[in-house]
*Asks:* 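Before anything else, here's the structure in question.
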Amino acid sequence: MATNTTDENNKSEFLHDEVYESIPPNYDLINHLFTGGMDILWRKKAAKEAVASHPKAILDICCGTGDLSISVAKIAGKDAQVTGLDFSRPMLDVAVRKAGKAGLDITFVTGDIADIPFPSDSFDSICIGFGFRNLTYKNEVSAQYISEVLRVMKAGGRFVIVESSQPAPNAKIIKFFHRLFVRYIVSFLGRIISGNSAAYQYLAESAENYYGAEELRDLLLQSGFSKVTFKRLFFGAAAIHVAKK
Ligand SMILES: C[S@@+](CC[C@H](N)C(=O)[O-])C[C@H]1O[C@@H](n2cnc3c(N)ncnc32)[C@H](O)[C@@H]1O
């Protein structure tokens, strides 16, 4: 089975560029550690949502080391074509190795979500695992990212987002522990294990202040999606949103 990469577009100049150039060796391990392994289950749930409408062409944006692309490819059916897109070469190198090992035919492409290197109306389903925060947290081009997702998605297509979130507004005790965990444990452990202090400081700060599930739903509706549903995961520490074009 061919697992390949193409270098079509690699032009983003954001801080995130540097952040993701130096994470890959421990990236998967740290994710599993922070979530007690629940991120694996959450991606699987998101993958099920992404293939629920039996799509033929599926794009995983900000695919990183490829875990969500792989989960999708395993359940998408033989006729479906899965593509992973990310601007970090080192992350994609890991993704290519993992997909090859799993015997899956996934195309990994280097490119920026601000200028997705595919024609309009190319995909039935688009998904993103723990990357939407990067695209939309204090990011001045977030509207451009979302409009690119809408452009390459076919009419009636679905956009599935699995992302860290906030505990429900009335869950005060959970909110307290969530804040403690994100503020102190994530940045401390991330720095120690990865050696990349800036990356995990950014992760902690953005996770603490990111949208709650209702706010993210509203953002998607305001951005042009016609219908948005969501499910909270683990008391709201994360959420899966499904947005229809
Ligand atoms: C937190 S990681 C998530 C990786 C993977 N989806 C997962 O589930 O673990 C975010 C990824 O988004 C990528 N990324 C961030 N901004 C991007 C952009 N503008 N264009 C393409 N990739 C981007 C980074 O390179 C990184 O691989």
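Counting starts at 1 for both ligands and their atoms, in listed order. The shown structure was predicted, so the numbers you read here are calculated from the model rather than taken from an experiment.
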*Asks:* Of all the heavy atoms in Cys63, does at least one lie under 4.0 Å from an atom in ligand 1?
*Replies:*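 It does, in that a heavy atom of Cys63 comes within the 4.0 Å cut-off of ligand 1.
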*Asks:* Given Cys62, Gly64, Gly84, Ser164, identify the one with the heavy atom nearest to atom 6 (N) of ligand 1.
*Replies:*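 Closest candidate by heavy-atom distance is Cys62.
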*Asks:* Do Ala114 and ligand 1 have an N or O pair less than 3.5 Å apart?
*Replies:*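 It does not: no N or O of Ala114 is found under 3.5 Å from an N or O of ligand 1.
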*Asks:* Could you go through Asp124 and Lys154, starting from their C-alpha distance and side-chain angles, then the distance that decides it, and tell me whether this counts as salt bridge (Lys or Arg N to Asp or Glu O under 4.0 Å)?
*Replies:* CA-CA 5 Å; Asp124 306 293; Lys154 291 182 190 167; 3.1 Å; yes
*Asks:* Can a non-hydrogen atom of Leu68 be found less than 4.0 Å from any atom of ligand 1?
*Replies:*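 Leu68 does not count as a contact of ligand 1 under the 4.0 Å cut-off.
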*Asks:* Minimum distance, heavy atoms only, to atom 22 (N) of ligand 1: which one of Trp42, Phe132, Phe87 is it?
*Replies:*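 Among Trp42, Phe132, Phe87, the closest heavy atom to atom 22 (N) of ligand 1 comes from Phe87.
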*Asks:* Once the angle between the rings of Tyr137 and Tyr210 is folded into 0 to 90°, is it parallel (under 30°), tilted (30 to 60°) or perpendicular (over 60°)?
*Replies:*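 Rings of Tyr137 and Tyr210: perpendicular, over 60°.
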*Asks:* Start with the C-alpha distance between Asp121 and Arg151, add both sets of side-chain angles, then the distance that settles salt bridge (Lys or Arg N to Asp or Glu O under 4.0 Å), and finish with yes or no.
*Replies:* CA-CA 6 Å; Asp121 306 319; Arg151 179 184 66 77; over 6 Å; no
*Asks:* Given the rule in the salt bridge (Lys or Arg N to Asp or Glu O under 4.0 Å) test, do Asp39 and Arg43 qualify, once you have shown the distances and angles that lead to the verdict?
*Replies:* CA-CA 6 Å; Asp39 62 304; Arg43 281 192 199 82; 2.8 Å; yes
*Asks:* Any nitrogen or oxygen of Asp86, side chain or backbone, less than 3.5 Å from one on ligand 1?
*Replies:*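 By distance alone, the answer is yes.
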*Asks:* Under 3.5 Å between some N or O of ligand 1 and some N or O of Asn134?
*Replies:*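 Between Asn134 and ligand 1, no N or O pair is found under 3.5 Å apart.
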*Asks:* Answer with side chain, backbone, both or neither: which part of Thr65 has a heavy atom less than 4.0 angstrom from an atom of ligand 1?
*Replies:*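 Neither; no heavy atom under 4.0 Å.
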*Asks:* Just which atoms of ligand 1 are under 4.0 Å from any heavy atom in Ser88?
*Replies:*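 Answer for ligand 1: 25 (O).
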*Asks:* So for Arg43, does at least one of its heavy atoms come nearer than 4.0 angstrom to any atom of ligand 1?
*Replies:*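 Flag set, Arg43 near ligand 1.
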*Asks:* Give every donor-acceptor pair under 3.5 Å between a side-chain atom in residues 220-231 and any protein atom, sequence neighbours left out.
*Replies:*
{"from": "Ser223", "atom 1": "OG", "to": "Leu219", "atom 2": "O", "distance (Å)": "2.6"}
{"from": "Ser226", "atom 1": "OG", "to": "Lys244", "atom 2": "O", "distance (Å)": "3.2"}
{"from": "Lys231", "atom 1": "NZ", "to": "Glu49", "atom 2": "OE2", "distance (Å)": "2.8"}

*Asks:* Using a 4.0 Å cutoff against the non-hydrogen atoms of Tyr145, which atoms of ligand 1 qualify?
*Replies:*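 The list of qualifying atoms is 19 (N).
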*Asks:* Using the test ring-ring contact (aromatic ring centres under 6.0 Å, His included), find all partners of Phe123 that sit at least two apart in sequence or belong to another chain.
*Replies:*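 Once residues adjacent in sequence are excluded, the partners of Phe123 under the ring-ring contact (aromatic ring centres under 6.0 Å, His included) criterion are Phe118.
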*Asks:* Is it true that atom CZ of Phe181 has more than 12 heavy atoms of other residues, nucleotides or ligands lying nearer than 6.0 Å?
*Replies:*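 Yes, the 6.0 Å shell around CZ holds more than 12 heavy atoms from other groups.
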*Asks:* Contact between ligand 1 and Gly111 is defined here as a heavy atom of the residue under 4.0 Å from a ligand atom; is it met?
*Replies:*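 Gly111 counts as a contact of ligand 1 under the 4.0 Å cut-off.
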*Asks:* For a ring pair (Phe, Tyr, Trp, His ring centres under 6.0 Å) check, start with the C-alpha distance between Phe132 and Phe159, then their side-chain angles and the critical distance, and finish with the verdict.
*Replies:* CA-CA 11 Å; Phe132 203 59; Phe159 182 34; 5.7 Å; yes
